[in-house]
Amino acid sequence: YKKAPYKVVLVHGFMLDEKGREMHKSLGNYVGVDEAVEKAGRDPLRLWLLSNTLWEDVKFSWKELEESRRDLSILWNVAVFAKTYMVLDNFDPYKHSLREYESSLHVEDKWILSRVNNLVKAVLRHMESYRVHEAVRLIRQFIVEDLSHWYIRLVRPRVWIEENIADKMVVYATLFYVLDRVLRLLAPITPLITEYIYQALYREYHGRPSIHLLELPEPDYELIDETLEKDMELVRGIYSAVASARMKSSLKLRQPVRRVIIYSSNPEISEAVERLVNIVKFVCNAKYVEIVEASRVEEIKKYKVKPIYKSLGPKYRGLLSELVKHLEENSDIVARSILKSGVYRCVIVSVEVTIERDDVEIAPYYLEEYAVSEFEYGIVAVDTKMSIEDLAEGLARDIVRRVQVMRKMLKLPLTAKVVTVIIAPSEKIQLIESKRSYIMNETRSVKLVVSSDLNYAGKLGGLVEKWDINDEEYIIEVKPIE
């Protein structure tokens, strides 16, 4: 009261269209604030505007505005995930504080706690220097990449356990702490969604009628672990490379594999994988993870040589057909000799032949049973050979995913029990039966019928859907228990 409402005003330059032209109704490129708010919403508009460099002109973009809306939807989904499971398991932030569970934190919990406190530190620093756009970009990146795409993915199996064990409370206490800090950082930027989530999750805890009456968070330096953050960043690089390798071989991430081999001579990679090996195995969906020297990649590599006729022809004109045949039959040996010593020598029709580097083209390739991809610190190879157990696990996960989609179609609450019928190709019945317990637990099925008899479909009077799984037809019926 009786004070200036602000000390500093920050403004962008001109608002331009996507092509960098000034907006005019006569050009047909004018977008009013009312139109942007109506189509995208107030908070997405604010988030997008404040993500743009403050001292520059802004190029209006519906695409970027939609990306802002998507990012806030991701925040909303994380909040819904947290609220839903906290209510299901009677999580009480007063009884289950983060401090109470410090000794029980998993490595992924410690990582997200470190990340959020480093975020707080960075955002406050950028705000104090009026680099609001950098602060906003960091918050968005944290919500999407760190919190949603990584942490929630890592902890989801922990909250799906039926028993109300302490480990679930560790996840809830961690999420409660992290979301609280993110919301308070984001409140001045997107006041509406942060207020809504605050009212649903934090009003009783903080005892203030609005999030906008709270102070911005301060970093908790005791929870910051730079080494862990660096390790996790390296693991994420490995995961991206494995995902790329799988994509090359059309091998879905849901399909478990026997092992992933990481070829790297970087000691930081070795140490990170050793410390976070369980996370590497989980995100790569591999039973075993090996890390070996980069030079050992030659063990899974072969070479093809292609003769350069304009070089070999003049030298071995009368031997050319026999020589070409020899090169094709001994391609890998020829290539390795040339790469090692610069030449390959052999005898063709009693004539000593010398093949040099300029005489052939050398192309490396990897053994068929490995899907390979490079990353910043080396090469990853996914062993694609499948055991019966691997195939069963992959099929079970595909089936579970379909049943979960059908539960959503039925708008069932998370706790709802169902009866499930799976009509599968006869040769897949045994694979499914071997994973009966897993499928029932993941889909909350009190009864599971597995058959190849089409007559079973629809007998329960539930929802029936046909699904294509690996180019084979499966019929699934889901009936809620009244």
Set of residues satisfying side chain to side chain donor-acceptor pair (under 3.5 Å) with respect to T384, sequence neighbours excluded: none

Any side-chain heavy-atom pair of L98 and F176 under 4.5 Å: no

Beyond-backbone contact of E145 with R236, side-chain heavy atoms, under 4.5 angstrom: yes

Partners passing side chain to side chain donor-acceptor pair (under 3.5 Å) against R203 (at least two apart in sequence or in another chain): Q199

For I388, all residues meeting side-chain contact (heavy atoms from CB on, under 4.5 Å), sequence neighbours excluded: L431

Beyond-backbone contact of Y303 with E298, side-chain heavy atoms, under 4.5 angstrom: yes

N117 side chain near R181 side chain, heavy-atom distance below 4.5 Å: yes

Lys/Arg-Asp/Glu bridge criterion (N-O < 4.0 Å) met for E369, R258: no

R246 side-chain N/O to C284 backbone N/O, donor-acceptor pair under 3.5 Å: yes

Salt bridge (charged side-chain N to carboxylate O under 4.0 Å, His left out) against E229, all qualifying residues, sequence neighbours excluded: R115

Residues K385 and D383 bridged, charged N to O under 4.0 Å: yes

S387/D390 under side-chain hydrogen bond (donor to acceptor under 3.5 Å, both in side chains): CA gap, chis, key distance, verdict: CA-CA 5 Å; S387 67; D390 296 333; 3.0 Å; yes

Listed once per pair and sorted, the side-chain hydrogen bond (donor to acceptor under 3.5 Å, both in side chains) pairs that draw on residues 272-281, sequence neighbours left out: D231-R275

Non-neighbouring partners of E56 that pass side chain to side chain donor-acceptor pair (under 3.5 Å), sequence neighbours left out: none

With sequence neighbours excluded, residues passing side-chain contact (heavy atoms from CB on, under 4.5 Å) with S61: E18, K63, E64

Salt bridge (charged side-chain N to carboxylate O under 4.0 Å, His left out) against E268, all qualifying residues, sequence neighbours excluded: K230

With H206 via side chain to side chain donor-acceptor pair (under 3.5 Å) - residues at least two apart: D180

D398/R254 salt bridge by N-O under 4.0 Å criterion: yes

Pair W111 and Y151, ring centroids less than 6.0 Å apart: no

Minimum heavy-atom distance between I439 and T443, given as atom pair plus value: O-OG1, 2.6 Å

With sequence neighbours excluded, residues passing side-chain contact (heavy atoms from CB on, under 4.5 Å) with Y221: K121, P219, I224

Residues R137 and E134 bridged, charged N to O under 4.0 Å: no

Heavy atoms from other residues, nucleotides or ligands near OH of Y365 exceed 12 (cutoff 6.0 Å): yes

From CA spacing to verdict: ring-ring contact (aromatic ring centres under 6.0 Å, His included), Y239, W150: CA-CA 11 Å; Y239 161 74; W150 199 250; 5.7 Å; yes

Set of residues satisfying side-chain contact (heavy atoms from CB on, under 4.5 Å) with respect to P267, sequence neighbours excluded: E271

CZ-CZ distance between R156 and R153, expressed to the nearest 0.5 angstrom: 10.0 Å

Backbone of L192 reached by a side-chain donor or acceptor of D43 within 3.5 Å: yes

K428: salt bridge (charged side-chain N to carboxylate O under 4.0 Å, His left out) partners, not counting sequence neighbours: E472

